[in-house]
Number of protein chains: 2
Amino acid sequence: MPEISKRSANAYDSPIRKLTPFAVQAEEAGKKVYYLNIGQPDIETPQAALDVVRQADLKILKYAPSQGNRSYREELVHYYKRFGYHVSPNDILVTNGASEAILFLLMACLDVGEEVIMPEPLYANYLGFAEVAYVGVKPLTSTIDTAFDLPDLIEFERAITKKTRAILICNPNNPTGRVYSEEKLRAIATLAKKHDLYLFVDEVYSEFCYDEDFFSVLNIEGLGDHVAVIDSISKRFSACGARIGSIICRNPKVIQAVMKFAQFRLSAPTMAQLFAEALLKLDDSYIKSVKEEYQRRRNTLFQRLSKMDEVVCYQPGGAFYVFAQLPIDNSDRFCRWLLEEFDYKGATLMLASGSGFYASENLGQQEVRLAYVLNEMDIHKAMDVLEQALLVYPGRTKVLKTVFST
Amino acid sequence: MPEISKRSANAYDSPIRKLTPFAVQAEEAGKKVYYLNIGQPDIETPQAALDVVRQADLKILKYAPSQGNRSYREELVHYYKRFGYHVSPNDILVTNGASEAILFLLMACLDVGEEVIMPEPLYANYLGFAEVAYVGVKPLTSTIDTAFDLPDLIEFERAITKKTRAILICNPNNPTGRVYSEEKLRAIATLAKKHDLYLFVDEVYSEFCYDEDFFSVLNIEGLGDHVAVIDSISKRFSACGARIGSIICRNPKVIQAVMKFAQFRLSAPTMAQLFAEALLKLDDSYIKSVKEEYQRRRNTLFQRLSKMDEVVCYQPGGAFYVFAQLPIDNSDRFCRWLLEEFDYKGATLMLASGSGFYASENLGQQEVRLAYVLNEMDIHKAMDVLEQALLVYPGRTKVLKTVFST
């Protein structure tokens, strides 16, 4: 029998999806499972935009252009004005979700063996895309005692070597929910320019900033050649299944380079592009109400966690995640134990283990990511489960750090 | 300004899409352009399947499972029985078009620097996927004087080195339209097993065999660990824009390895999977009538080409392409000249230059791929244009080979 490749044998396992078989078993055993592991919102997708697809006269479901439908890119130009910046349709390339956008940027801008600096904890699949693109990841650890703010500039400076070609950050951050300040972002951008690096910013949660305005790096002048933004409709319109993302970059060489990879895969899905265009034509009321809903959930989740003994967390300003430290020995073991061995009144919960969100070894052992993608009542019930679970978990351990600031 | 990567600078340009800017200019100059360059059928997509999407109660457009919707995979199991073989839903993984299926198989089964043997002319984007996966391509040239049959077994044997991990073939073939015999396929399969290689077969045109029955390699017994088939709904249902493909493989290790890459990109589009499932529930009448239509077009195109002076071609048994040899100096130059400098009664045509379908240097200079994706009347008009063009093309040259069999 031929062997599978070493790269697939060694490839990263998604911390978000790898426990799914145990969740399936828990459900088969009759348990109610609260899913806080995955960024799949329970909020209804805008039906008016789906109606546009339903009513579309699709005689032939043709390939879209490799760069994406022109009319959709034009709508995006209009939409992005809400974040204060202007780009042209030529500065945009439509991708199969933000996932493909990240992979394409890594391949277009970095050669094999070159490196990208990423603050961690990080969106776990970044590590997978780096593996596929064969580029190195240099992680810079942000910590819960600074509420997961960006590492100091001096740490970025120190991490830069002659192999470094890019910095990738996620703002608002997945998995921490941290929103970075304009001041910090400008400083990182200046650093990128100084060292002639690309700055990739994943802004898929841009609409979900609860305590302050969102600042896009595309507002920073004089950085057009260096900055590329990754975006997606998945979270803001509760449309993860559409698989429509985008790259926004004012450097035409980058767009041309990405286009080569985009042409290999022909196009992003056609119906979903029609749908995405319709979404952008809706008025603001949908996004406004969704944001208010998430804000309430954030408050609820944070309050519940804050009251639990030896649970450390801070109030995240954006996205829909809390990254919390728990009094546990090992987050992988704890998350699996929840599904396999625990229930409270017939219910349990699925969390994403913190260790999977670090590129560095042995970090995140006491951390978990909680996605507040359930309604407030379910969040309360899920927190009842967690509270009880922490009382009886056999691997309960003191938290290793207890410094707590915001 | 930071440089783009060398790999993107060196990446393959699609021969199918690279002349698009010249076609746009031709249209802007008022010319009618007949598009025979791209495999985008003009045939209507089954409306009954689109109606299923239109009527679907999609409250939340959620991520699909990374392996693909279970219900769609179950329909595929049923569908594939028409080709004589049985697989389970676990043997199938749903991809973003056949494109992603090929890339995933290369990454799951080959390590960087290992090699895959491919007969050429080949589907040009295979070369792009090999670049992305960082694997070497060893081309084996098939020639028009054997009507592009598979190279002899001895040539495959000779091409195998210790780096070789797989053979990739496309049957029915894009770009040649050749359908390979069961005997040849069994011989290649036996060879693959003998040398413990994977055999990847792209069967996206399986429904379009006009002169004999299609034989899938999944019918060969004892090869479950070695064989993986690449499939797609794009061509058979005129649904290129859905972006739904699949990998079918009875080796669970391969499916597990592919799953890792599939999890990074989360899922294939959700609406399109509903649509694809609905397609498979239709009765046979659609595919039957489409096949008859293509067969008529094939006959028309072949007859017209056969009558042209010094044009060499053979009657292809499948897919919807003819790969013809023309009395021209350089196919890139000729295809561009058609768009930029020629018209006949206000019309011209876009072809895919033959050179782009070879991994070997300097081959295909006198060849072009013609996709019969236009109705018969338009094929006639396009052939009128080609006939006139060949009479006046400044680079007209004698064909280099004139041996013609089949």
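Just so we're on the same page: letters track the sequence lines, and every chain starts at 1.
Residue pairs meeting the side chain to side chain donor-acceptor pair (under 3.5 Å) criterion with at least one member in residues 101-115 of chain A, sequence neighbours excluded, are A/Glu114-A/Arg165. Applying the side chain to side chain donor-acceptor pair (under 3.5 Å) definition to pairs two or more places apart or across chains, those involving residues 258-267 of chain A are A/Glu100-A/Arg265.
Applying the side chain to side chain contact (heavy atoms under 4.5 Å, CB included) rule to B/Tyr134 yields the partners A/Val112, B/Arg7, B/Val112; only residues at least two apart in sequence or on another chain are considered.
For B/Phe261, the part lying under 4.5 angstrom from a heavy atom of chain A is the side chain only. In this structure, chain B has a heavy atom under 4.5 Å from the side chain of A/Tyr123, while its backbone stays farther away. With a threshold of 4.5 angstrom between heavy atoms, A/Ala11 approaches chain B through its backbone and through its side chain. With a 4.5 Å cut-off on non-hydrogen atoms, A/Leu58 touches chain B through its backbone and its side chain both. Both the backbone and the side chain of A/Ser66 come within contact range of chain B, each with at least one heavy atom under 4.5 Å from a heavy atom of that chain. Of the two parts of A/Pro46, neither the backbone nor the side chain holds a non-hydrogen atom closer than 4.5 Å to a non-hydrogen atom of chain B. There is no contact between A/Ala192 and chain B, counting heavy-atom distances below 4.5 Å. There is no contact between B/Ala124 and chain A, counting heavy-atom distances below 4.5 Å. Using a 4.5 Å cut-off between heavy atoms, B/Ile43 touches chain A through its backbone atoms (N, CA, C, O) alone. Only the backbone of A/Ala9 has a heavy atom closer than 4.5 Å to any heavy atom of chain B. With a 4.5 angstrom heavy-atom cutoff, A/Val52 does not touch chain B via any of its atoms.
We find the CD-NZ distance between A/Gln47 and B/Lys59 to be 5.5 Å, quoted to the nearest 0.5 Å. Taking CG from A/Asn96 and CG from B/Asn96, the interatomic distance works out to 4.5 Å, rounded to the nearest 0.5 Å. If you take CG on B/Asp42 and CD1 on A/Ile60, they are separated by 6.0 Å, rounding to the nearest 0.5 Å. With rounding to the nearest 0.5 angstrom, the CD1 atom of A/Ile4 is 9.0 Å from the CG atom of B/Asn251.
Although no hydrogens or angles enter the test, the distance criterion places a donor-acceptor pair under 3.5 Å between the side chain of B/Asn125 and the main chain of A/Phe264. Between the side chain of A/Gln55 and the backbone N or O of B/Arg54, no donor-acceptor pair lies under 3.5 Å. For B/Tyr63 (side chain) and A/Gln40 (main-chain N/O), no donor-acceptor pair under 3.5 Å exists by modelled atom type. A/Glu3 contributes no side-chain N or O that, together with a main-chain N or O of B/Leu110, makes up a donor-acceptor pair within less than 3.5 Å.
Looking only at heavy-atom pairs under 4.5 Å with chain A, the residue among B/Ala64, B/Ala98, B/Ala133, B/Ser234 that has the most is B/Ala133. Between chain B and the options A/Val53, A/Ile38, A/Leu127, A/Leu266, the largest number of non-hydrogen pairs under 4.5 Å is found for A/Leu266. Counting heavy-atom pairs under 4.5 Å between each of B/Met259, B/Lys253, B/Met107, B/His195 and chain A puts B/Met107 at the top. The greatest number of non-hydrogen atom pairs below 4.5 Å with chain B, out of A/Gly128, A/Cys240, A/Pro2, is found for A/Pro2. Between chain B and the options A/Ser99, A/Ala257, A/Ala108, A/Ala239, the largest number of non-hydrogen pairs under 4.5 Å is found for A/Ala108.
Smallest separation of non-hydrogen atoms from B/Ser5 and A/Cys109: CB-C, 3.8 Å.
Of residues 270-277 of chain B, those residues lying under 4.5 Å from chain A by any heavy-atom pair are B/Thr270, B/Met271, B/Ala272, B/Phe275.
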